[in-house]
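One is the number of the first residue; the rest follow in order along the sequence. All of these numbers come straight from a predicted model, not from anything done at the bench.
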Amino acid sequence: ICSYKEIIIHNQFIVMFHYPLQQWNKCHYNSWALHGHCHSKVKPLGKQVDVGVDSTFILKNAAYRPFNFYEIKDFMKNQPTIGHH
């Protein structure tokens, strides 16, 4: 168990943290930030999204199961990359 994790899956850089982040490593370069904690109460910011089992963002309804990489990838393709602030 760790509080912050960076991984690469299928050449996609992904940051994972329990809480939502407004800025994350490589956020200006199409990286994703995946979080939980908010139970669909915090809307996605760029390529940051709540992936908790009760999130309604990925599939438009709560799946009550973990999302797979391809479901998240499909959601992220329509999300903007955030710009420099």
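- Between the side chain of Thr56 and the backbone N or O of Asn61 there is no donor-acceptor pair closer than 3.5 Å.
- In this structure a side-chain-to-backbone donor-acceptor pair under 3.5 Å is present from Gln79 to Gly46.
- Remark: Ser31 OG to Gln48 CD distance equals 11.0 Å, nearest 0.5 Å.
- Ring to ring, Phe13 and Trp24 are not that close: their centroids are 6.0 angstrom or more apart.
- Listed for the Lys47 side chain is a donor-acceptor partner under 3.5 Å among the backbone atoms of Met76.
- In this structure, the side chain of Asp50 does not engage the main chain of Ser55 through any donor-acceptor pair within 3.5 Å.
- More than 12 heavy-atom neighbours from other residues, nucleotides or ligands sit within 6.0 angstrom of CG on Asn78.
- Judged by distance alone, the side chains of Asp54 and His39 do bring a donor and an acceptor atom under 3.5 Å apart.
- With no hydrogens or angles considered, a side-chain donor-acceptor pair links Asn30 and Thr81 at under 3.5 Å.
- For the salt bridge (Lys or Arg N to Asp or Glu O under 4.0 Å) test, no residue two or more places apart in sequence or in another chain qualifies with Lys41.
- In this structure, the side-chain contact (heavy atoms from CB on, under 4.5 Å) partners of His37, at least two apart in sequence or on a different chain, are His18, Tyr19.
- The two residues Lys73 and Trp32 have their closest heavy-atom pair at CA-CH2, 3.5 Å.
- Considering every non-hydrogen atom in both Ile14 and Met16, the closest pair reads CG2-CG, 4.0 Å.
- With hydrogens and angles ignored, the 3.5 Å screen pairs a side-chain donor or acceptor of Glu71 with a backbone N or O of Asn68.
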